[in-house]
Visitor: 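Have a look at this one before I ask anything.
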Amino acid sequence: MLNPADDRLIAALPEGVVRPLEPRHLDEPRGYFAGQGGLLAAPRNVEEVAAVVRACAEARVAILPRGGGTGLVAGSVMPEGPAPLVLSLERMTAIRDVWADEDALVAEAGATLQQVQEAAAAADRQFPLSLASQGTAQIGGVLAANAGGTGVLRWGNARALCLGIEAVMPDGSILRDLKRLRKDNTGYSLRDLLIGAEGTLGIITAATLKLAPRPAAVATAMLEVPDPAAALQLLSLAQAMMAGCVTTFELISGQGLAFVAETLPEIRQPLPGAPWSVLLELSLPEGLDPDGAVEGLLGRAMEEELVTDGAIAQSGQQAAEFWNLREHLPEANRRIGAISSHDISLPLSEIPRFIQDAGAMIAGMGDMRINCFGHLGDGNLHYNVFPGPGRSRADYADLRFRLPEAVYQMVVERGGSFSAEHGVGRLKVADLQRWGDPVKLSAMRAIKAALDPHGIMNPGAVLA
């Protein structure tokens, strides 16, 4: 049994860490859950984090880690149970060290993704993880959720970009493992265990992150394709012609473009009315002409009837406009109002058939529209279902739970995942129980019990 975080706990906390609890510490972007909290602790260093965790462990008080609050599965809000201590690392924002020649830096967990990118750029390097929320998302949360984004095709998820971790464990001990080694084969990787655990096994306080050289040139294009199967063939062609240079390959549906035109008419669309399109980005080394690279790929793709039209960015401003369109797809979705949203991943070869079969299945369930878009290069689709024209979500109340069940059933049968990059949080706990491998779930519960025997770390997230 856990106790509420109240004034009795304050005396056991380091001086100056307790701050007023604000509404921004208790909300989540989708508005599905209303959070609660008894106290807010904002430590200034890892030792103070450890002291806070020790005090909570002794008092049996739940700890709710809070990053930038940009997660989409309610991992950082606790709607029920004894009021937790909300632990924010917003005062721990330092870039501790940068080793440009080693392509590494150490950032504290409260630093935003954008701050890390700026620190890398100041050293003539890049940190190649990119999210629409990068001005708000904090590195601790990015790692705790193993965030993905648009560059996973080339660089991998957050886990692949982390070399070392500093973290506070549930008993208040400090894991000091901020190594910047590419090879360290010395037993279990606690770094990889804590990444993606969503704060249920410990609090990440700092990380050693991988950097990369900045490309000499970047080429960006929007290409119209007849269908998702052609888009996958185009991806294969691009990888063959420009091996190692394809950094982004985003699929955009015609329905997504229509939603943007309806709700955000000021957003420029280079290929209005395209049934399907791809946002392609190439990061090129010195000696390769970006225009020539894209034109060569476009010409070959048109010869093979994979592309029917295209627009190549002629300037940084045009490239930014292409990205602006892609990044406003979620906002257009929000304004239309989804009945059900699904962050899924599939083996690449399964995607065209899934889109066809799922579309037919949903058409048989009622008058609905589908906006399917996402990171095609790594198999991650945002498959979202909306009311028919002139109708509202309330008209589909009977489908609110049937839709995800049906979509996830189809995804799992094809070897896919019901949560590609958003995590589990509280929103998908039942889905993990329903679709997760039993042996994996048993091992996860054993790890949780061993590291957090009192269940104080983000209780209710990931595991019921």
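FYI, the numbering just counts along the sequence from 1. Every value quoted in this text rests on a predicted model; they were computed, and no experiment measured them.
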Visitor: So, Ser283 versus Thr247: side-chain donor-acceptor pair below 3.5 Å or not?
Guide: yes
Visitor: Answer yes or no: is there a side-chain heavy-atom contact under 4.5 Å between Val168 and Val52?
Guide: no
Visitor: Considering only NZ, NE, NH1 and NH2 on the basic side and carboxylate oxygens on the acidic side, decide whether Glu90 and Arg24 come within less than 4.0 Å.
Guide: yes
Visitor: Is the shortest heavy-atom distance from the side chain of Val278 to the side chain of Phe249 under 4.5 Å?
Guide: yes
Visitor: Is the closest side-chain donor-acceptor distance between Asn371 and Ser253 under 3.5 Å?
Guide: yes
Visitor: Would you call Glu47 and Arg176 a salt bridge, taking side-chain N to carboxylate O under 4.0 Å as the test?
Guide: yes
Visitor: With a 4.0 Å cut-off on N to O distance, would you call Asp177 and Arg191 a salt bridge?
Guide: no
Visitor: I want to check something: taking the side chain as every heavy atom from C-beta on, are Asp7 and Ile10 in contact at a cut-off of under 4.5 Å?
Guide: yes
Visitor: Any Lys/Arg nitrogen of Arg54 or Glu58 sitting under 4.0 Å from an Asp/Glu carboxylate oxygen of the other?
Guide: no
Visitor: Using a strict cut-off of less than 4.0 Å between a Lys/Arg side-chain nitrogen and an Asp/Glu carboxylate oxygen, indicate whether Glu166 and Arg96 qualify as a salt bridge.
Guide: yes
Visitor: When you check the side-chain N and O atoms of Arg66 and Ser88, is any donor under 3.5 Å from an acceptor?
Guide: no
Visitor: Going by distance alone, is a donor N or O of one side chain under 3.5 Å from an acceptor N or O of the other, for Tyr32 and Arg426?
Guide: no
Visitor: Do His382 and His422 have side chains that get closer than 4.5 Å, going by heavy atoms?
Guide: yes
Visitor: Could you check whether the rings of Tyr383 and His342 sit parallel, tilted or perpendicular, using 30° and 60° as the cut-offs?
Guide: tilted
Visitor: In plain terms, say whether Arg402 and Glu405 are close enough for a salt bridge, that is, a side-chain N and a carboxylate O under 4.0 Å apart.
Guide: no
